Amino acid sequence: MNFNATLIGQSITFILFVWFCMKFVWPPIMNALETRKKQIADGLAAGDRGKHELELAAKKAADNLRDAKAQAAEVIVQAEKRAAQIVEEAKTAAKEEGDRQLAAAQANIEQEANRARESLREQVAGLAVAGAEKILRREVNAQTHADLLGQLKAEL
Amino acid sequence: MASEYHSSGEYIKHHLQNLTYGQHADGTWGFAHGAEEAAAMGFWAINVDSMLFSIGLGVLFLFLFRMAAKKATVGVPTGLQNFVEWVIEFIDHSVRGSFSHQNAMVAPLALTVFMWVFLMNLMDLLPVDWLPFAATMAGVPYLKVVPSTDPNVTFGMSLSIFFLVLYYSVKMKGAGGFFSELAFQPFPKFLFPVNLLLEGVGLIAKPISLALRLFGNMYAGEMIFILIALMFGGSWILALFGGALQWAWAVFHILIITLQAFIFMTLTIVYLDMAHAEHH
């Protein structure tokens, strides 16, 4: 065990190695480690956030679905109501139309009957005048006996 | 394998001798042949094997980690990057646990200390004869493959760390603050010579214990591997028993090399933390 210049050589070598390690080995690897650590932390945070957002979205979707169902139900109810209303209106309109047509027909019939009665009355009056003429054997002056004839016509 | 040596003692000595390059007593430069020659070279000689293996392992560590750093992606890591990130997170965790100040240098320093010491210790798991035998075949007289069994290596690191501790102590507390920390506690001010002695010993003990702990553990472990390897030169029963022992010691040693690397790193962090901390 004798000391010699190896001591100095070893010290210089040691210092050079430490310097090299400090300059070119430690920083890049440490940098990579730190960056990866940060990335992993960020990734985990993003995952959590994503999960949270998913929950929110699911809740929102359920809400939307419920609203849509409620709206659809309301629309159906309204539609049914409207349909019933339309049927009711159609019924009313048909009835009115029927009544109107019935009334028109009755009026028509009455008119026809009146007209028939009128013409019948004229014919009867004519016949009566003709019969009277024949009975009297003379000509009845229509102008002189107009009031008599009119009275007769009204009585018939 | 001990058969080509004249005695067990020679075998052990050979395995514990570094390949030292320096100036011989006669003025020529070359490799030392034997411990006496290496010692005679004085301070201005260099352990070529320690330097080569430690630099090679350090470069291997930096190359692998630099490759991972260059390709480091924020996405899913694979293969090498996975391993490197695992090591770096482990070091980062240790530094955060023991170091409570702001200093961008401490974590890379801890990483370098841990990986480098670990790789140097790992050489201990190679069977003790492989590389030295190959080196002898290639004409290299001595080869010690575990750099951390060379006190020059461990002291080189611990003294560098010691100077960092001194630097940050003065930087954080000022020269006066650092001196008062050494001189005016734990006893009252008028006993400052006693304080200075106590704290001075405590301060000096840091790098020495740091280096000696690693060196001692690795040296002892290597010694036991060498002693077990001696058994391979005996009868086949002894060799078989030696094989089993070597396997068991190697398994146990996996724990020791990792633990020593971890202790070296943790103490480095703690010493630097103490240098940053304000005493009250």
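Residue numbers start from 1 in every chain, and the chains themselves are labelled A, B, ... in the order their sequence lines are given, proteins ahead of strands. If you're wondering where the values come from, they're calculated on a predicted model, not measured in any experiment.
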Requested in this report: Identify which part of B/Ala35 has an atom lying under 4.5 Å from any heavy atom of chain A, answering side chain, backbone, both or neither.
Outcome: neither
Report task. Identify which part of B/Thr154 has an atom lying under 4.5 Å from any heavy atom of chain A, answering side chain, backbone, both or neither. Result -> neither
Requested in this report: Specify which of B/Ser54, B/Ser158, B/Ala72 makes the most heavy-atom pairs with chain A at under 4.5 Å.
Outcome: B/Ser54
Report task. Using a cut-off of under 4.5 Å on heavy-atom pairs, state which of B/Leu159, B/Val74, B/Leu16 scores highest against chain A. Result -> B/Val74
Query raised in the report: By a 4.5 Å heavy-atom criterion (distance strictly below it), what part of B/Asp92 contacts chain A: side chain, backbone, both, or neither?
Result: both
Requested in this report: Among B/Gln81, B/Met51, B/Lys70, B/Met67, single out the residue with the greatest number of heavy-atom pairs under 4.5 Å to chain A.
Outcome: B/Met51
Query raised in the report: In Å and rounded to the nearest 0.5 Å, what is the CZ to CD1 distance from B/Phe114 to B/Ile269?
Result: 10.5 Å
Report summary line: The interface call for B/Val48 against chain A, heavy-atom contacts under 4.5 Å, is neither
Report summary line: The interface call for A/Ile8 against chain B, heavy-atom contacts under 4.5 Å, is side chain
Query raised in the report: Just how far is it from atom CG of B/Asn121 to atom OG1 of B/Thr258, taken to the nearest 0.5 Å?
Result: 8.5 Å
Query raised in the report: Nearest 0.5 Å, what's the CD-CD1 distance between A/Gln78 and A/Ile76?
Result: 11.0 Å
Query raised in the report: Will you find, in the side chains of A/Glu110 and A/Gln106, an N or O donor that is under 3.5 Å from an N or O acceptor?
Result: no
**Report entry** Salt bridge flag under 4.0 Å for residues A/Asp42 and A/Lys38
**Finding:** yes
**Report entry** Beyond-backbone contact of B/Leu164 with B/Leu109, side-chain heavy atoms, under 4.5 angstrom
**Finding:** yes
Report task. Examine the side chains of B/Thr28 and B/Asp26 and answer whether a donor and an acceptor come within less than 3.5 Å of each other. Result -> yes
Query raised in the report: Who among B/Ser50, B/Ala39, B/Ala107 has the most heavy-atom pairs with chain A under 4.5 Å?
Result: B/Ala107
